[in-house]
Amino acid sequence: MKTVFWLLDVNYEVKDHKPEVWIWGIDDDDKRILIIDRNFLPYFYLVVKQKENPQPIIETLESLKADYPLIKKFELVNRRFFGKSVTAIKVVCQDPTVISKHARSLEKINGIKNRLEDDIRYSMRYLIDNNVIPCSWHEIEVEEIENNFGVQVDKLYVASTFPRTIEKNEIPELRILAFSTISYSRQGAPRPEKNPVIIISVCTNVGDEKQFVAKGSDDKAVIESFVKYVRNFDPDILAGYDTNRQDWPYLLSRSKKLGIKLSVTRANTEPHRSVYGHVSVTGRANIDFFGFADELPEVKIKTLENVADFFGVMKIEKHTLIEDIDFSSYWENPEKRSILLKFSRENTQSIIGIAKAMLDFAVQLSSLVSLPLDHVGTVAVGFRVEWYLIKEAYRIGELIPKRRERPYISYVGGVVLKPKPGVHENVTILDFKAMYPNIMITENLSPDTYVSSSEPEPACGVNIAPEVKHRFRKEPAGFYKVMLSNVIGVRDRMRLEMKKLDPKSAEYLALDAGQTAVKVITNALYGYTGWIGARWYMKPVAEAAAAWGRHSILNTIELAKKIGLEVIYGDTDSIFVKYEPTKIKRLSEIITEKFGLEIKPDQIYIRVLFTEAKKRYCGLLPDGRLDTVGLEVVRGDWAAVAKNAQEKVLEIILKEQTPLKAAEFVRQSISDLRKKRVPYKDLIIWKTLTKPIKAYKVRAPHIEAAKRLMEAGWDLSVGDKIGYVIVAGSGRLHERAKPYVLAAYDDVDIEYYIAKQLVPVASRILALFSIGGDTLIPSRTPQTLLEFAEN
DNA sequence: GCCTGATTTCTACCA
DNA sequence: ACTGGTAGAAATCAGGCG
């Protein structure tokens, strides 16, 4: 019989050296199904040395077959490697677990250059080779079998053929369950060996809400009821926030300690740690939305409440907020316990809201790059690009290079012009549309088209990059050109399709998420080629793209000047010019003709302010909004009190054009700050731990604050944000940096915030109008002046 | 030992 | 574990001075 399904999750099992791919899906009748496919065998390649006769090698291999009983066959194949034809022997095995071992030993055979693709996981191999795509529809010939191994599905099948993708756009009705947990410890961070999980809140996308609450410190029932609830609701998606790092590991350890089985998977097993630091829940997609927070540059501190606020799921003013450190006091106090419960409930509501807002993107990205839905959010951008490339490579017979360690060598990137400081009226930004991708297409930049300096020029001719002089074959179209053209074509079709739809419809939103996913991958390809961790790392490709980019922008600036357009600033692929439509039109026509690149006016600023600094400016848009770029206002590592003041200064200057009024506003802010009229949270400075504490060479304030947190029992790891305030006292700054949760308002050194936060950011702007920082500080008492002098 | 300017370290931003 | 270019703060180093 035939069945049609949408792919939710994939895993594999090996039984008696025989592999089985387990395909978890949802069929077109909304049934949850599992298809077991026993028809696919893993393999790897042995690349034959150039000019070597492969026949004797095959014979040698055949003669060794008795030593390798799990090898099924050797197959001589023609492939490409970095565009050059190679002869390879495809070694097909029975058991995926022996691939790596056999590959290592067989590559030593005479006449073999190296082994390849032994580092591709079996389940991914299955997806790539059979063009099976996560979060997409397929049809397949199957036989139904009896469900006698207790998996939680409506139907269980064995595959008779491989799945085939079919054109079908809608996403099935997914059952989503969001959850969050709170653990209790009287002192320090909770430890699963001794501290209970006191609250688990769940919330589903069909509006069901539930809380499992410990009686005293007995949490056995809490976890058991949670497991029961999950099994009963049978979600397709388990949504959480930082669950891969926090909730799942804790629940797993805690269950072990209590002797409970956390059997929440569809295979009745426990979740397990998988690749890329993610937790896999077999048969479901465990999505940790924290992994997608990188897609939201607007949110500086990626806490759950901030992300929920960003999506309008739960406005931060309405969100009950309790610091970890206070959990125990809320739990212990019968009057305050209900607030803790409310906090937990709101967290879970936030998660379900974020899930609804971001799931489309996750689904589209998963489908685009062929990484399972639960993985795609946890992997870095480079790997997303790489999986897309791997899929493309398979299609054109290009072998997948090994990842290897390389020395880091930098190269010259984009040009950045010195801005003309001051306020300019009626300015527009001319942007090159997708500059790097377009350069890569027109110049055929690709790992497989690069002609090294030792090689003779091919008959088809070469494109030579300016300055760096790297050469790239004109023909045939390179791997990247094919990929980029495909992907841009897909995006154009999506956007065309969107025009026919109601912007509020589900299809429109899905397409919009899809075109965003495509854009993310397209824009990351240039960076990928210059990344030393890339399988297809090829510095000349990145270097040449950058060189052509500089060439284009510098020529554009020259031309603009010739036409009589004043250039105020420029960075990499954009120039800021006075808005003069006819001149701009002429300029863009010449550029298109000369470079095959498209430039178009993006937005128009009524006024735009530049200081001396590059990459920092603020423009006033026709609708009255400010577009602030690079300045402290948009940075996450300045106290809000300073950011707010700078924003107001910019607003007064750009809208009312009264710098004196802006200065007066700053004086007022300082006076408010001295009177403690500014909320405590506006004094917090946030900085990220970018490496393990021990790896730091200097005693930076946020590192000292982090150490204090750890002394107080916090678990900190790379990537965590440290929020600290500067407290009054003597000594160096780092000695006075205290975690905000361990300090109080009265400890704060207000004068620090004035002298080192508020005044510098305000005067950076006001200096343009000859207003010095010293004129911004209202007179102080002699005592404070002394304190100030001491610093 | 203190002061000062230069250099290094660190983070977060822009394209 | 995408790139290079950049600003800015604070720590730290290096050299001059007495």
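Lettering follows sequence order; numbering is per chain, from 1.
A cation-pi arrangement is absent between A:Lys302 and A:Phe290 under the rule of less than 6.0 angstrom and at most 45 degrees off the ring axis.
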Between the protein and nucleotides 5-10 of chain B, which nitrogen or oxygen pairs come in under 3.5 angstrom?
from, atom 1, to, atom 2, distance (Å)
B:dC10, OP1, A:Lys691, NZ, 3.4
B:dC10, OP1, A:Lys697, N, 2.8
B:dC10, OP2, A:Lys691, NZ, 2.7

Can you give me the N/O atom pairs linking the protein to nucleotides 2-4 of chain B at distances under 3.5 Å, or say none if there are none?
none

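Counted by atom type alone, A:His278 and A:Asp374 present one or more donor-acceptor pairs between their side chains at under 3.5 Å.
Listed by chain and number, the residues in a salt bridge (Lys or Arg N to Asp or Glu O under 4.0 Å) with A:Arg471 amount to none (sequence neighbours excluded). Remark: A:Ala663 engages A:Arg667, A:Leu766, A:Ile771, A:Leu776 in a side-chain contact (heavy atoms from CB on, under 4.5 Å) (not counting sequence neighbours).
Within the nucleic acid shown, A:Ala542 has no heavy atom closer than 4.0 Å to any nucleic acid atom. Contact annotation for A:Tyr436: no contact, since no heavy-atom pair falls under 4.0 Å across all strands. Across all strands, A:Arg699 comes closer than 4.0 Å only to sugar-phosphate atoms, never to a base (heavy-atom distances). A:Val634 comes within 4.0 angstrom of the backbone, heavy atoms only, and of no base. Using a 4.0 Å heavy-atom cutoff across all strands shown, A:Arg764 reaches sugar-phosphate atoms only and no base atom. Among the heavy atoms of the strands lying under 4.0 Å from A:Gly527 is at least one base atom, whether or not backbone atoms are also near. Counting non-hydrogen atoms under 4.0 angstrom, A:Lys721 reaches the backbone sugars and phosphates but no base. Among the heavy atoms of the strands, none lies under 4.0 Å from A:Val385. At a threshold of 4.0 angstrom between heavy atoms, the contacts of A:Tyr408 are confined to the sugar-phosphate backbone, with no base atom among them. Within the nucleic acid shown, A:Phe432 has no heavy atom closer than 4.0 Å to any nucleic acid atom. Among the protein residues, A:Arg384 comes within range of no part of the nucleic acid, since none of its heavy atoms lies under 4.0 Å from any strand.
The distance between atom NZ of A:Lys302 and atom C1' of B:dC13, rounded to the nearest whole Å, is 12 Å.
Boundaries of the chain A contact region on DNA chain C are C:dA1 to C:dT12, first to last in 5' to 3' order (nucleotide atom under 4.0 Å from a heavy atom).
No more than 12 heavy atoms of other residues, nucleotides or ligands sit less than 6.0 Å from atom CZ of A:Arg273. Heavy atoms from other residues, nucleotides or ligands lying under 6.0 Å from NZ of A:Lys561 number 12 at most.
Residues from residues 530-537 of chain A that place a heavy atom under 4.0 Å from any atom of DNA chain C, listed by number: A:Gly530, A:Trp531.
Side-chain atoms of A:Glu704 never come within 3.5 Å of backbone atoms of A:Glu735 as a donor-acceptor pair (strictly under, hydrogens ignored).
Remark: aromatic rings of A:Phe610 and A:Phe576 are close, center separation under 6.0 Å.
Each of A:Val416 and A:Leu525 was matched to the nucleotide of DNA chain C holding its nearest heavy atom; the match closer to the 5' end belongs to A:Leu525.
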